[in-house]
Amino acid sequence: MQDEPTPTELIKAVADFLRSEIAPAIKGHNGFKLRVGINALDLVTRQLALAEAGDATEAARLKQLLGADGTLMELNRVLSEKIAGGEVDLKTPGLSEHLWQTTLDKLAVDQPNYASYKRELETKQDG
């Protein structure tokens, strides 16, 4: 294990360098491919920063909702099976809240600049 810089810091530094120093000089299709690469680096940075906590809170919500224990993947499989089997639906206490929060947590990693996501965050902060 290394102390400094962290993997997140390294990825962010590379993305920032590419964005500020290289991207202005690259045009056309190669410029597009460069922006895709920069976006991928930004996504990985957000995953490293947010995914672990998001997965932990999602698993905790699922354990409470299902009254079961297991890995996140196992719990999601159980929930999917219960929904498909009609045992659980949006009238089930806590399900819609769980699904909405899980969606917001995933958007925080994948699309934090998505206008509807930002609007929802503002709504939650005001409410």
Side-chain angles (χ1 to χ4, degrees):
M1 176 202 256
Q2 301 296 318
D3 294 327
E4 297 291 328
T6 66
T8 299
E9 291 169 336
L10 287 170
I11 294 167
K12 185 177 180 338
V14 170
D16 289 346
F17 169 74
L18 292 172
R19 189 177 358 270
S20 64
E21 300 293 326
I22 305 300
I26 307 293
K27 304 293 179 219
H29 189 66
N30 285 334
F32 169 76
K33 291 191 291 187
L34 177 60
R35 288 189 305 277
V36 169
I38 292 167
N39 287 338
L41 292 171
D42 290 340
L43 175 63
V44 170
T45 300
R46 291 188 302 272
Q47 284 179 327
L48 289 170
L50 302 173
E52 187 175 328
D55 287 352
T57 58
E58 180 182 359
R61 286 191 310 270
L62 283 166
K63 287 175 185 179
Q64 182 176 4
L65 184 66
L66 298 170
D69 202 8
T71 67
L72 181 58
M73 186 178 289
E74 292 166 344
L75 293 167
N76 271 310
R77 187 177 335 102
V78 170
L79 177 62
S80 296
E81 290 167 357
K82 287 183 178 280
I83 291 171
E87 297 173 60
V88 173
D89 61 23
L90 290 176
K91 295 176 189 162
T92 302
L95 179 61
S96 63
E97 294 83 0
H98 165 72
L99 295 173
W100 190 243
Q101 187 59 54
T102 300
T103 300
L104 291 176
D105 291 347
K106 291 185 184 308
L107 283 171
V109 172
D110 189 50
Q111 294 292 326
N113 294 317
Y114 185 54
S116 295
Y117 169 73
K118 286 182 169 185
R119 240 186 344 267
E120 181 60 27
L121 287 182
E122 290 173 9
T123 301
K124 285 182 81 173
Q125 290 172 353
D126 293 342

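All values reported here derive from a predicted model rather than from experimental measurement.
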How close do [X] and [Y] get, heavy atom to heavy atom, and via which atoms?
| X | Y | value |
| --- | --- | --- |
| Tyr117 | Pro112 | CD2-O, 3.4 Å |
| Ser96 | Leu90 | CB-CD2, 4.0 Å |
| Ala15 | Ile38 | O-CG2, 4.3 Å |
| Ser20 | Pro24 | O-CG, 3.4 Å |

The test is side-chain contact (heavy atoms from CB on, under 4.5 Å); show your working for Thr6 and Leu48 and say whether it passes.
CA-CA 11 Å; Thr6 66; Leu48 289 170; over 6 Å; no
Atom CD of Glu97 with >12 non-hydrogen neighbours under 6.0 angstrom:
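Yes, enclosed.
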[X] versus [Y]: any side-chain heavy-atom pair under 4.5 Å?
| X | Y | answer |
| --- | --- | --- |
| Arg19 | Asp42 | yes |
| Glu81 | Arg77 | yes |
| His98 | Glu58 | yes |
| Leu62 | Thr102 | no |
| Leu65 | Val88 | no |
| Lys33 | Ile26 | no |

Applying a strict under-4.5 Å side-chain criterion to I, L, V, M, F, W and Y, I'd like to know whether [X] and [Y] cluster together.
| X | Y | result |
| --- | --- | --- |
| Leu121 | Leu107 | yes |
| Leu104 | Val109 | no |
| Leu99 | Leu66 | yes |
| Leu75 | Ile83 | yes |
| Val78 | Leu95 | yes |

With sequence neighbours excluded, what pairs up with Asp89 under the salt bridge (Lys or Arg N to Asp or Glu O under 4.0 Å) test?
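If we apply the salt bridge (Lys or Arg N to Asp or Glu O under 4.0 Å) test to Asp89, skipping adjacent residues, there are no hits.
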Partner set under salt bridge (Lys or Arg N to Asp or Glu O under 4.0 Å) for Glu9, not counting sequence neighbours
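With sequence neighbours excluded, Glu9 shows a salt bridge (Lys or Arg N to Asp or Glu O under 4.0 Å) to no residue whatsoever.
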Would you compute the distance between atom [atom1] of [X] and atom [atom2] of [Y] and round it to the nearest 0.5 angstrom?
| X | Y | atom1 | atom2 | answer |
| --- | --- | --- | --- | --- |
| Asp105 | Thr57 | CG | OG1 | 5.0 Å |
| Ile11 | Thr45 | CD1 | OG1 | 5.0 Å |
| Lys124 | Arg119 | NZ | CZ | 15.5 Å |
| Leu43 | Gln111 | CG | CD | 8.5 Å |
| Thr8 | Gln47 | OG1 | CD | 10.5 Å |

Determine, stepwise, if the pair Val14 / Leu10 fulfils side-chain contact (heavy atoms from CB on, under 4.5 Å).
CA-CA 6 Å; Val14 170; Leu10 287 170; 5.7 Å; no
Let me see the working for Lys82 and Thr92 under side-chain contact (heavy atoms from CB on, under 4.5 Å), right down to the final yes or no.
CA-CA 11 Å; Lys82 287 183 178 280; Thr92 302; over 6 Å; no
